[in-house]
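Everything quoted here is computed from the prediction, not taken from an experiment. In the text below, chain A, chain B and the rest are named by the order of the sequence lines, each starting its count at 1.
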Amino acid sequence: MAESPAEEKTVVEHETLKYSLLGPSLTKSGQDNVDQQKVSEIIYNASKGSKYFNNEEARDKNLTQKIERILEKKAQLEKLDLASDRRKADEYIAELELSRDLSQVVVHIDCDAFYAAVEELDRPGLKDVPFAVGGGVLTTCNYHARKFGCRSGMAGFVAKKLCPELIMLKLNFDKYTAKAQEVREIIVDYDPRFESASIDEAYLNITEYCRRNNIEPEEAVEQLRREVHEKTKITISAGIAANAKLAKICSNKNKPNGQFSLPRDRNAIMAFMRDLPTRKVNGVGRVFERELDAVGVKTCGDIYQYRQYLAKLFGDKAFAYLMQCYLGLGRTTVQPAEEYERKSVGTESTFGEMSNTAELRDKLLATAQELEKDMVRTQFKGRTICLKVKLHTFEVFTRQVIPPKAIYLAHDLYKYSLPMLSKLEQEFPGMKLRLMGLRCTHLVSMKKPDTMAFFGFKRKPTSLDAIESDSPSTDTSKRKASTLSTPDSNEEQWESWPDELLFEDAERQEREDEMQELETLSQEIDKRRHHGKEIVPNPKKGEEVEEEWWDCPICGRPQSASEKAFNEHIDLCLSRQTIRDVVQETTESKSTDSTPAPKKARLGNEKKERGGLPGDPKQRRLCFG
DNA sequence: GCGGATCAC
DNA sequence: TATGGTGATCCGC
């Protein structure tokens, strides 16, 4: 069938779109014997014409244009002499090579189709039929279902088209959490400081375990997997390598129920990376994969030959990241998830299309109430509140403000986000939403009082002292580990507020007062730390602190460090601060003195492993397996 | 610093 | 008929 040039162009353009529609988990296992061409057609036809599809199409066109710009830039660069860039790249590679550490044995373990596996334990009959877990979108599915092309992240109705017999189960999150805990109780014996990367993944450093038991890593992991299977009936896959990045890649090699060990040897690692498709590396997704492919980089080995272009095409951070991919470098440290510092707390939800202003406000209030719960649970306030909306067209917008104080109560969350919502309604008259979310950033931790005392501040006594039983200790060395090195992360050590008091007004008020006080203090500590002035614990008596003076980080003037004066001054200073007025009309183009953003990207600054967020796995409501 | 975009799970 | 929620990071402006 002959097609007109215009039709042909559409067909070509939709090739990338079809690839995109296949979803982000294309590289997952269980898809080897699937006819991707056929699956792609079914997904495409099931999606065609929907609002979701149209949005994906628009995004795909944008990406195609972005790639064209990248290619134009590359063509320009090819005309220049890039000897200097090549030399810089080589110097950087040499520098990285010096940092290579092959002394550690890092293991990444991954439970196979975790949620599905847990469901099968309860209903063995499921083993022989294709089924998925999740509602409108699949969170995971068993290997039977994967043979039909079903995978996580796929819309339920699309999965049904691929596999009409597919059984859909609802999520039982508590069940998965309990089972995950069983697994953790076993792996803790192999590395007491193992790192939960998500509900069904963990990193271990078994160097010490192997040394102590005089056992080879491969054998230790075989034993670990056998033990997990015997005791929990869950099968896991594992990767063994010299660092976390490689171990993660390796755990996918022999999935499911297998393991793969990459020798901790430079040549072996370089050879392994040389033929590895970029997409297999954590951090390279569908978009970056396409961009890299466009400039000629298909495998990690290809990175080297294009090293003189990469910084200019993708930025310094991406350059550094790619160089580490080429060399097969990664972190060798593994640490408990709780030791990572949380950066935000947020909630969002999807609902039937909504455009009525009153309804939208109700939804905002409900969202604020939901966020308050999370803020209380995690014991944080936020200095910044961010509103997220998704239109019925699937376009996403975010707006943020800085309230005059750190907030966490639904009332305040609502108060400060409502103007943003109103402004969006003006911006998009009659806007129809399908999602709304609120997120707090620039968090202020509600630290334990003795932590505050450690920094030299005193606390007003409250009735809560009765249930806190904190004795001001002079042993600073112990606290140093838990407070200085990981300032805001030890959520679990804070006493939680008794449930029965939560909604008692009097108690609530008291709690708020205390939180306010702690917040102000911790804000101050935060600011001082920010200004590079290390807070040195004063081992002497507390009264000396009160006589100290300090430069206010806001106005810069010296102030008495006494608690009362301190609080009063901070309040005054904060109220003086000009906060961006959200109700203000849009007079944006007035400011022509836009200061250029400081280019902070520093070569050699190791890019933090994307994703794998720490955070308390228990708090994850939804996690794809 | 803000908003958009990408990524992981 | 119809396509998720939580959290992190990076980039351009």
**Asked** Hey, is the side chain of Asn282(A) poking within less than 4.0 Å of OP1 or OP2 on dC9(B), counting only N and O atoms?
**Response** yes
**Message:** OP1 or OP2 of dG7(C) versus the side-chain N and O atoms of Arg342(A): is any pair under 4.0 Å?
**Reply:** yes
**Distance between C1' atoms of dC7(B) and dG4(C) (Å, rounded)** = 15 Å
**Message:** Does dT3(C) have its OP1 or OP2 closer than 4.0 Å to a side-chain nitrogen or oxygen of Lys51(A)?
**Reply:** no
**Asked** Can you check whether Thr139(A) has a side-chain N or O nearer than 4.0 Å to OP1 or OP2 of dC9(B)?
**Response** no
**Message:** With a 4.0 Å limit, can you tell me whether Ser344(A) has a side-chain N or O closer than that to the phosphate oxygens OP1/OP2 of dA8(C)?
**Reply:** yes
**Prompt:** For Arg399(A) and dG4(B), is the shortest distance between a side-chain N/O and OP1 or OP2 below 4.0 Å?
**Reply:** yes
**Prompt:** Quick one: which of dA8(C), dT6(B), dC9(B) gets closest to the side chain of Lys343(A)?
**Reply:** dA8(C)
**Request:** Mind checking Ser50(A) for me? I need base, sugar-phosphate or nothing, with any heavy atom below 4.0 Å counting as a touch.
**Result:** base
**Request:** Return the set of residues passing side-chain contact (heavy atoms from CB on, under 4.5 Å) with Asn45(A) (not counting sequence neighbours), or none when no residue passes.
**Result:** Glu41(A), Lys48(A)
**Request:** Could you note down all residue pairs passing salt bridge (Lys or Arg N to Asp or Glu O under 4.0 Å) where residues 150-173 of chain A supplies at least one of them, sequence neighbours left out?
**Result:** none
**Item:** 5′-ward residue of the pair Gly315(A)/Glu353(A) relative to DNA chain C
**Value:** Glu353(A)
**Asked** Nearest of dG4(C), dT6(C), dC9(B) to any side-chain atom of Ser198(A)?
**Response** dC9(B)
**Request:** Kindly point out which of dC9(B), dT3(C), dG5(C) is positioned nearest to the side chain of Val158(A)?
**Result:** dT3(C)
**Request:** With the side chain of Asp200(A) defined as its heavy atoms from C-beta on, choose the nearest nucleotide among dG4(B), dC9(B), dT3(C).
**Result:** dC9(B)
**Complete:** Of dG5(C), dG7(C), dT3(C), the nucleotide closest to the side chain of Arg439(A) is dG7(C)
**Prompt:** At their closest point, which heavy atom of Ala241(A) faces which heavy atom of Ala247(A), and how far apart are they?
**Reply:** CB-N, 3.6 Å
**Candidate nucleotides dC2(B), dG4(C), dC7(B), ranked by approach to the side chain of Lys390(A) - the nearest** = dG4(C)
**Message:** Within the 4.0 Å heavy-atom criterion, would you say Phe53(A) contacts the bases, only the backbone, or no part of the nucleic acid?
**Reply:** nothing
**Which nucleotide in dT6(B), dT3(C), dC2(B) has an atom nearest any side-chain atom of Val287(A)** = dT6(B)
**Request:** Could you check whether the rings of Tyr115(A) and Tyr176(A) sit parallel, tilted or perpendicular, using 30° and 60° as the cut-offs?
**Result:** parallel
**Request:** Test salt bridge (charged side-chain N to carboxylate O under 4.0 Å, His left out) on Asp60(A) and Arg286(A) and set out the steps.
**Result:** CA-CA 11 Å; Asp60(A) 188 70; Arg286(A) 281 174 294 182; over 6 Å; no
**Message:** Parallel, tilted or perpendicular: which one describes the rings of Phe314(A) and Phe288(A), with boundaries at 30° and 60°?
**Reply:** perpendicular
**Asked** Are any of Ser152(A)'s side-chain N or O atoms less than 4.0 Å away from OP1 or OP2 of dC9(B)?
**Response** no
**Request:** For dA2(C), take OP1 and OP2 only and decide whether either is under 4.0 Å from a side-chain N or O of Lys48(A).
**Result:** no
**Request:** Can you tell me the distance, in whole Å, between the CZ atom of Arg59(A) and the C1' atom of dT6(B)?
**Result:** 8 Å
**Asked** How close or far is atom P of dG4(C) from atom OH of Tyr52(A), stated in whole angstroms?
**Response** 7 Å
**Prompt:** Rounding to a whole Å, what distance do you find between Glu427(A):CD and dC2(B):C1'?
**Reply:** 13 Å
**Message:** Quiz question: going by heavy-atom distance under 3.5 Å, is there a donor-acceptor pair between the base of dT3(C) and the side chain of Ser47(A)?
**Reply:** yes
**Complete:** With the side chain defined as heavy atoms from C-beta on, Thr398(A) is closest, among dT6(B), dG3(B), dC9(B), to dG3(B)
